[in-house]
Amino acid sequence: MPESAAWTATTNAGPAPASGAALAANAAPAGRPKIDVDRMNFYYGPRRALEDIALKIYPNQVTALIGPSGCGKSTFLRSLNRMNDIVPGARLEGSIRIDDQDIYAPAVDIVDLRRRVGMVFQKSNPFPKSIFDNVAYGLRINRLVRSREELRGRVEASLKSAALWNEVGDRLHTSALALSGGQQQRLCIARALAIEPEIVLMDEPASALDPIATQRIEELIYELKTRYTIVIVTHNMQQAARVSDVTAFFWLGRVVECDRTKKIFTNPAEKLTEDYVTGRFG
Ligand code: ADP
């Protein structure tokens, strides 16, 4: 079967804008999507920030969200674990389903949702605590461990998963704030992984880091996809090309195109995508 035959394109319901940018082609491998977004609109007060989004995000893949600043990537990412709920006047229409459950249904337990859908931010934000206590934090407040041994084991496993154990294993009780920027970001990844999420959202996780630290984060993302569903916002197109399997190109609150990363960067269906990935605007 040719590579492209395994991937289907579906057109968004709703009227096509004059630009013809309504096509949201979903890169679809076999199996069920982990996240299924349908006819989603998102408003900050009266202003619509996302329009008619239809995207399917598959497990054990890295899905990159690219597009110019202000096009709605972070808004979309934050809506996947309801981080936008705290914004006054924010409102979502349509549905976001994770494992076929609508995460905006009234019965949804948001604490449980955020445990399942972890998040790593652009600027690393370790707590002013020890390395150990940072990673143990979510396990303790969610009462996810029954003994000190289990806690120690989970902290160690998380630091190993985040490729940080070899650097900090012998100084777990020193301050997290003494770590380098790249180590702090990997610590935040360890903290997110400790509570065993199924999905990890990353909002420009390497944009504040030097090239070597960035490379480590990228290698880590690549490794983590074997166990998690990863969605990453990046304004760095080379990074999207390096780490992701699928790329969705956002523009003015819409998804112009979503397909295999290789296709988006070498042979996109939309002229607008081509213009963006070749640097004609951005
Ligand atoms: P991106 O991540 O692509 O840079 P954002 O999702 O941050 O885009 O922003 C999309 C649009 O929503 C922008 O016009 C931005 O100004 C607006 N926006 C983002 N956050 C808020 C907020 N908390 N309140 C009001 N408007 C917001």
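All ligand and atom numbering here is 1-based and tracks the order in the structure. Throughout, numbering of the chain's residues begins at 1 and tracks the sequence.
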Atoms in ligand 1 flagged as close to Cys71, the criterion being non-hydrogen separation under 4.0 Å: 1 (P), 3 (O), 8 (O)
Atoms in ligand 1 flagged as close to Val87, the criterion being non-hydrogen separation under 4.0 Å: 23 (N)
A cation-pi test, strictly: NZ or CZ of Arg191 under 6.0 Å from the centre of the six-membered ring of Phe127 and no more than 45 degrees from its axis. Yes or no? yes
Does only the side chain of Thr75 get under 4.0 Å from ligand 1, or the backbone, or both, or neither? Count heavy atoms.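 Within the 4.0 Å criterion, Thr75 contacts ligand 1 through backbone and side-chain atoms alike.
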Please work out whether any backbone atom (N, CA, C, O) or any side-chain heavy atom from C-beta onward of Pro68 is under 4.0 Å from ligand 1, and answer side chain, backbone, both or neither. backbone
Should the pair [X]-[Y] be classified as a salt bridge under the 4.0 Å nitrogen-to-oxygen rule?
X      : Y      : answer
Glu196 : Arg154 : yes
Asp133 : Arg140 : yes
Arg152 : Glu149 : yes
Lys34  : Asp99  : yes

Report the distance from atom CZ of Arg254 to atom CG of Leu272, rounding to the nearest 0.5 Å.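 Result: 11.5 Å between the selected atoms.
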Nearest-0.5 Å distance, CG of residue Leu50 to CZ of residue Phe250: 6.5 Å
Within-cutoff protein neighbour (heavy atom, under 4.0 Å) for atom 16 (O) of ligand 1: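 Neighbour list for atom 16 (O) of ligand 1 is empty of protein heavy atoms (cut-off 4.0 Å).
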Side-chain (Arg39) to main-chain (Glu93) donor-acceptor, under 3.5 angstrom: no
Under 4.0 Å, counting heavy atoms only: does Arg47 come that close to any atom of ligand 1? yes
With a 4.0 Å cut-off on heavy atoms, is Gly70 touching ligand 1?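 Per 4.0 Å heavy-atom rule, Gly70 contacts ligand 1.
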Which option wins on minimum heavy-atom distance to atom 3 (O) of ligand 1: His235, Lys73, Gln122, Arg78? Lys73
Just going by heavy-atom distances, which of Tyr44, Phe76, Phe250 is nearest to atom 27 (C) of ligand 1?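 Looking at heavy atoms only, the winner is Tyr44.
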Nearest protein heavy-atom contact for atom 8 (O) of ligand 1: which residue, which atom, what distance?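 The protein heavy atom lying closest is Gly72 N, 3.1 Å.
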Nearest protein heavy atom with distance in Å, relative to atom 7 (O) of ligand 1: Ser74 CB, 3.9 Å
